[in-house]
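These notes concern the structure reproduced below.
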Amino acid sequence: MTLPAKAFQRWLQGVAPEASTADVCRISGIKRTTLAQQLVRGKVSVSTVVSISRAYGINPVAALADFDAYRELADPQPGPTRCELVSQISTADLLHTMLARPGMDPGRKAGPEPPALSPAPHPTSVKNWVDAIDDGEVRHRVSAATGIAPQNYSAQLTANRLTAELAVATARAAGVGLANGLVATGLVTEEEAGWTPGARRAALDSLSDGDLAVLAGDRLQALGKVLRRQEQDQAQTEKIWENLG
């Protein structure tokens, strides 16, 4: 989703009243042509606000809450559930943790601690997050609330992306913290969303060996389907090129 250019300019005036457009772009790392084009079109991207707010030491979630479409972000929000936290742990990290558990090999001596978790997001973070909060009707509620066609919503999840508007709408439909989806999409960090430091590791450590093994198995099965589909697509492409001579 984009934000109205006039609202953005009012916000920017409050953030950096003495700064020129060139100053803002230099500090935030945004290309001048990019910002100029957005202003001319009258639509400024959410990522632009996030980049500028970080450059000026403002929490991006608080910055977005200054805009009407994201005003609810300023309200007190519940913390992420354990399922949400675990959904933001990559498959590789799940496997590393599982293999380090004593229950995986009772006869083995205790090995080193698993490495630190890689930061969110990961290659399936968006779909995993939606799956974690879906009661079976979330997708339908999001579609009804936003007007997005179910197939288009599913396509975004398959591509592991979700617009900020849809991420917030999904969180609202599921009754979870509104900024949590912004973490899953990579727009903001865990810290910026107010997640407790070490919360993902604590959630992972709280899983029993059996639950961790089942979760890792589900992730591997999903990954296997994706890899097989990619292999089939590659084989089909090569066959087409062969036929073309």
Side-chain angles (χ1 to χ4, degrees), residues 1-4 7-8 11-12 15 28-30 38 43-90 93 117-134 138-139 141-143 145-148 152-201 203:
M1 180 182 177
T2 55
L3 301 166
F8 167 78
W11 172 80
L12 186 59
V15 170
S28 63
I30 299 172
Q38 291 180 12
K43 298 177 180 180
V44 177
S45 71
V46 170
S47 61
T48 294
V49 172
V50 170
S51 296
I52 294 174
S53 63
R54 284 175 177 155
Y56 283 91
I58 300 170
N59 184 300
V61 176
L64 289 175
D66 287 335
F67 296 87
D68 290 341
Y70 299 97
R71 196 73 68 188
E72 291 175 275
L73 289 172
D75 299 335
Q77 301 293 328
T81 64
R82 186 174 78 161
C83 288
E84 288 181 279
L85 291 168
V86 172
S87 77
Q88 296 312 295
I89 299 172
S90 70
D93 285 338
L117 299 178
S118 54
H122 58 82
T124 58
S125 58
V126 174
K127 187 176 186 304
N128 289 349
W129 174 68
V130 174
D131 288 343
I133 62 176
D134 191 0
V138 164
R139 288 169 169 80
R141 291 198 292 271
V142 172
S143 180
T146 64
I148 186 172
N152 292 340
Y153 184 74
S154 295
Q156 288 201 35
L157 297 185
T158 300
N160 198 50
R161 61 183 176 84
L162 211 56
T163 65
E165 177 189 21
L166 285 176
V168 171
T170 302
R172 186 186 299 113
V176 299
L178 298 183
N180 295 349
L182 303 182
V183 175
T185 63
L187 184 66
V188 303
T189 65
E190 302 165 57
E191 180 182 5
E192 290 166 345
W195 291 15
T196 303
R200 288 190 304 143
R201 169 58 70 182

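Note that the structure is a prediction, hence the values are computed from the model and not measured.
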Heavy-atom distance under 4.5 Å between the side chains of [X] and [Y], does that happen here?
X      : Y      : answer
Phe67  : Val44  : no
Glu165 : Tyr70  : yes
Trp195 : Thr189 : no
Asn128 : His122 : yes

Margin query: I'd like to check the salt bridge (Lys or Arg N to Asp or Glu O under 4.0 Å) partners of Asp131; sequence neighbours left out, ordered by chain and number.
Written below: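 If we apply the salt bridge (Lys or Arg N to Asp or Glu O under 4.0 Å) test to Asp131, skipping adjacent residues, the hits are Lys127, Arg139.
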Checklist line | All salt bridge (Lys or Arg N to Asp or Glu O under 4.0 Å) counterparts of Asp75, not counting sequence neighbours | finding: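 None.
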Any sub-3.5 Å donor-acceptor pair from [X]'s side-chain atoms to [Y]'s backbone N or O?
X      : Y      : result
Thr196 : Ala199 : no
Arg200 : Ser118 : yes
Ser143 : Ile148 : yes
Arg54  : Asn59  : no

Looking only at heavy atoms, which two atoms of [X] and [Y] are closest? And how far apart?
X      : Y      : answer
Gln88  : Ser125 : NE2-O, 3.1 Å
Val49  : Leu64  : CG1-CD2, 4.1 Å
Pro60  : Ser53  : CA-OG, 3.4 Å
Ala184 : Trp129 : CB-CB, 3.8 Å
Ser47  : Leu187 : CA-CD1, 4.2 Å
Ala63  : Ile58  : CB-CG2, 4.2 Å

Margin query: The test is side chain to side chain contact (heavy atoms under 4.5 Å, CB included); show your working for Leu3 and Trp11 and say whether it passes.
Written below: CA-CA 11 Å; Leu3 301 166; Trp11 172 80; over 6 Å; no
Donor-acceptor contacts, no H, no angles, side chain residues 166-175, under 3.5 Å, sequence neighbours left out:
from, atom 1, to, atom 2, distance (Å)
Thr170, OG1, Tyr153, OH, 2.8
Thr170, OG1, Leu166, O, 2.7
Arg172, NE, Glu72, OE1, 3.0
Arg172, NH2, Glu72, OE1, 2.6

Atom [atom1] in [X], atom [atom2] in [Y]: separation rounded to 0.5 Å?
X      : Y      : atom1 : atom2 : value
Arg201 : Leu85  : CZ    : CG    : 12.5 Å
Leu162 : Thr185 : CG    : OG1   : 7.0 Å
Phe8   : Thr2   : CZ    : OG1   : 12.5 Å
Thr124 : Leu157 : OG1   : CG    : 11.5 Å
Ser45  : Ile30  : OG    : CD1   : 7.0 Å

Notebook entry, point to check: Can a donor-acceptor pair be found between the side chains of Thr48 and Gln38 at a distance below 3.5 Å?
Noted result: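 Yes, side-chain donor-acceptor contact under 3.5 Å.
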Item checked: Evaluation steps, side chain to side chain contact (heavy atoms under 4.5 Å, CB included), between Arg161 and Val126 -> CA-CA 6 Å; Arg161 61 183 176 84; Val126 174; 5.6 Å; no
